Asker: 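Dropping a structure here in structure tokens format, bear with me for questions.
Just so it is clear: chains get the letters A, B, ... in the order the sequence lines come, proteins before strands, and each one is counted from 1. Note that these values count all heavy atoms, side chains included, but never hydrogens, waters or copies made by symmetry. Everything numeric here is computed off the predicted structure, so don't read it as measured data.
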There are 2 protein chains.
Amino acid sequence: MLIEERLEKEMKIIEENKTVTIESLAEFLSVSKDTIRRDLIKLEKKNVIRRIHGGAVLASKEALIFNYSERANQGNSIKEKIAEKTAKLVKDHSSVIFDSSTTVEAVIPKLNGKNLKGITNSLTHAILLAKNERTSVSVFPGKLNNEQLFLYGAETVDKIRQYHVDYTLLGVFAISENGLFIHTEEEGLVKRAMVQRGNKIIALADHTKIGTTGYFKVCSLDEIDILVTDKMPELKFVELLAQNNVDLVITDE
Amino acid sequence: MLIEERLEKEMKIIEENKTVTIESLAEFLSVSKDTIRRDLIKLEKKNVIRRIHGGAVLASKEALIFNYSERANQGNSIKEKIAEKTAKLVKDHSSVIFDSSTTVEAVIPKLNGKNLKGITNSLTHAILLAKNERTSVSVFPGKLNNEQLFLYGAETVDKIRQYHVDYTLLGVFAISENGLFIHTEEEGLVKRAMVQRGNKIIALADHTKIGTTGYFKVCSLDEIDILVTDKMPELKFVELLAQNNVDLVITDE
DNA sequence: CGAAAAATTGCATTTTATTGCAATGTTGAT
DNA sequence: ATCAACATTGCAATAAAATGCAATTTTTCG
């Protein structure tokens with residue numbers, strides 16, 4: 001049986017019964033409990049179930065909140081690797097602004113266990129942050145983008161200006177010698193304000209985004225402190241980063 | 001049996017009887033009193049019960065609804081009926097403040113199709129509102145309650161004061177001749193500000209909440225305009241509402 | 001096609017969680 | 001104040017979860 005097929009069967013059973021034991025699933029599907037456990041971990045990562053001692057329950061409310069079609073293809077290893085490295089850069093007991101990108105979102109679960117003050121304009125990020133009980137979360141005000149669930153507008157920008165934090169985590173749409181770019185002004189103005197209010201600016205961008213430009217300029221290269229990416233960029237760009245005092249963190253060794 | 005299942009059963013029993021002894025729970029569920037004690041500690045941490053010598057009592061009706069019975073009697077509950085009636089009171093093309101109660105949450109899907117400006121301090125409400133494409137949503141800033149995902153604090157209250165809307169939808173914990181009450185100051189201060197900034201205040205309360213009082217006073221009766229509930233209250237209370245110019249809307253006919 | 005890389009799976013081992021019991025400390029009704 | 005009932009704490013037995021490992025299967029390339 002294909003794994004996907006098995007996961008679907010498991011999901012179906014949990015949906016029908018609201019709860020399930022690992023024992024019963026293992027027996028019903030004729031695989032070991034270990035396999036069931038690993039399956040349930042996968043389902044939990046998609047926020048469709050909640051694991052509990054001895055089994056799992058349906059995560060009805062979570063399911064409502066998170067949009068799975070987008071989130072289903074997790075394990076996007078580039079993003080996960082970047083997230084992993086980034087999480088290590090964030091010291092315990094610090095304050096962090098999280099911008100509303102999906103790369104930044106991937107960082108949040110990796111920060112689990114740290115004592116943080118998290119501030120964000122993304123509703124989904126806020127909910128993920130709230131799962132770490134050691135994190136105190138604040139949310140900026142603003143108009144809500146109904147699709148992507150981030151807050152924006154003058155209110156958001158004004159509020160950001162009242163904060164000052166240790167780190168700003170910035171998801172990047174395009175980065176080049178001309179600076180960092182994003183495709184909408186809406187988000188751009190917010191990101192720009194976030195850059196100005198962070199002590200250490202950490203930009204996250206996979207290699208496909210390096211050397212490209214976009215519509216709205218968020219900031220110039222010298223305004224960021226660290227760039228986390230998956231592959232070593234061209235020498236020319238590496239030198240450019242050095243000239244602008246940007247530390248480069250590469251996930252591939 | 002899974003622990004979660006046992007906790008649900010315990011909760012159900014407490015819900016029905018308002019109070020319970022450790023002895024009876026231990027016997028009924030065939031586990032030791034020690035286990036019951038530990039379970040009750042868990043439930044107490046979730047703020048749904050209060051432990052007392054020899055047993056436990058229900059913490060508050062509102063807290064109860066937040067967590068457990070919500071899942072159990074989904075469907076045609078009292079809450080749904082109240083939500084249905086409430087939605088009809090909200091005119092198209094109006095602005096609405098939604099407070100963070102689950103009763104108010106139930107109203108949101110029923111507003112689908114209307115052109116609204118929605119403003120809320122609840123992340124889950126905001127996400128539900130965003131599903132209606134004709135609704136523009138704003139979110140108040142503030143500190144996030146990690147359990148129940150609502151925003152609160154001075155920032156929230158300050159921001160509310162900058163708005164003025166056609167309707168405020170208010171979930172109520174207790175209502176009586178003394179006014180409207182909620183069990184935490186955290187939420188109370190926010191609700192109080194919301195009442196002051198709405199043109200028409202619609203309070204939502206099932207019959208069990210009428211004639212009771214709580215810890216923190218949100219406002220007095222004359223500050224609300226409409227009360228939506230499921231059963232006709234005592235004549236005395238109906239008269240009281242009339243004296244305070246509160247319209248009464250009943251779901252049961 | 002076919003070899004190398006990656007993923008999957010079950011098993012053994014270590015770590016953590018749950019539970020009941022006993023010893024000791026507290027509470028509260030009379 | 002007293003004493004029985006209750007609560008708390010530490011402990012040991014058991015069950016489940018996490019981790020590491022090796023065998024097997026599947027996927028990915030040239």
Asker: Between D:dT8 atom P and B:Leu40 atom CG, what is the distance in whole Å?
Answerer: 11 Å

Asker: Decide if the gap between the ring center of A:His183 and the ring center of A:Tyr215 is smaller than 6.0 angstrom.
Answerer: no

Asker: Give each protein N/O atom lying under 3.5 Å from an N/O atom of nucleotides 20-30 of chain D, with the pair distance.
Answerer:
none

Asker: Between the protein and nucleotides 24-26 of chain C, list the N/O to N/O atom pairs that are separated by less than 3.5 angstrom.
Answerer:
none

Asker: Should the heavy atoms of other residues, nucleotides or ligands under 6.0 Å from NZ of A:Lys117 be counted, would the total exceed 12?
Answerer: no

Asker: Name all pairs fulfilling the side-chain hydrogen bond (donor to acceptor under 3.5 Å, both in side chains) condition that reach into residues 19-34 of chain A, sequence neighbours left out, sorted by first residue then second.
Answerer: A:Thr21-A:Ser24, A:Glu23-A:Lys33, A:Ser32-A:Thr35

Asker: Take the protein atom CD1 of B:Ile22 and the nucleotide atom P of C:dT27, then report the distance between them rounded to whole Å.
Answerer: 15 Å

Asker: In whole Å, what is the span from the CD atom of A:Glu4 to the P atom of C:dT9?
Answerer: 11 Å

Asker: Run the side chain to side chain donor-acceptor pair (under 3.5 Å) check on A:Thr102 and A:Lys79 step by step: do they pass?
Answerer: CA-CA 9 Å; A:Thr102 54; A:Lys79 197 176 283 184; 3.1 Å; yes

Asker: Figure out the CD1/C1' separation between B:Ile41 and C:dA17, and round it to whole Å.
Answerer: 15 Å

Asker: If I take atom CE in residue B:Met1 and atom P in nucleotide D:dA16, what distance separates them, rounded to the nearest angstrom?
Answerer: 14 Å

Asker: Side-chain donor-acceptor pair under 3.5 Å between B:Thr120 and B:Ser122, yes or no?
Answerer: no

Asker: I need the CD-C1' distance between B:Glu23 and D:dC6, as an integer number of Å.
Answerer: 11 Å

Asker: Which pair of non-hydrogen atoms, one from A:Ile201 and one from A:Glu223, has the smallest distance, and what is that distance?
Answerer: CG1-O, 3.5 Å

Asker: Of the nucleotides C:dT8, D:dA18, C:dT19, which one has an atom closest to the side chain of A:Arg51?
Answerer: D:dA18

Asker: Once Watson-Crick and G-U wobble pairs under 3.5 Å are found, how is DNA chain D written in dot-bracket notation, 5' to 3', with | for any base paired to another strand?
Answerer: ||||||||||||||||||||||||||||||

Asker: Considering residues at least two apart in sequence or located in another chain, which fulfil the salt bridge (Lys or Arg N to Asp or Glu O under 4.0 Å) criterion with B:Glu186?
Answerer: none

Asker: Who passes side-chain contact (heavy atoms from CB on, under 4.5 Å) against A:Ala203, sequence neighbours left out?
Answerer: A:Val172, A:Leu180, A:Ile224, A:Leu227

Asker: Working note: B:Lys9 + B:Glu5, criterion salt bridge (Lys or Arg N to Asp or Glu O under 4.0 Å); need CA distance, chi angles, decisive distance, verdict.
Answerer: CA-CA 6 Å; B:Lys9 283 186 187 172; B:Glu5 286 179 281; over 6 Å; no

Asker: Look at atom CZ of B:Arg50 and say whether more than 12 heavy atoms of other residues, nucleotides or ligands are closer to it than 6.0 Å.
Answerer: no

Asker: Would you confirm whether the ring centroid of A:Phe140 sits within less than 6.0 angstrom of the ring centroid of A:Tyr163?
Answerer: yes

Asker: Tell me: CD1 of A:Ile36 to P of C:dG10, nearest whole Å?
Answerer: 9 Å

Asker: If you find the nucleotide of DNA chain D closest to A:Lys33 and the one closest to B:Gly55, which residue's nucleotide is nearer the 5' end?
Answerer: B:Gly55

Asker: Taking CZ from A:Arg37 and P from C:dC11, how many angstroms apart are they, rounded to a whole number?
Answerer: 13 Å

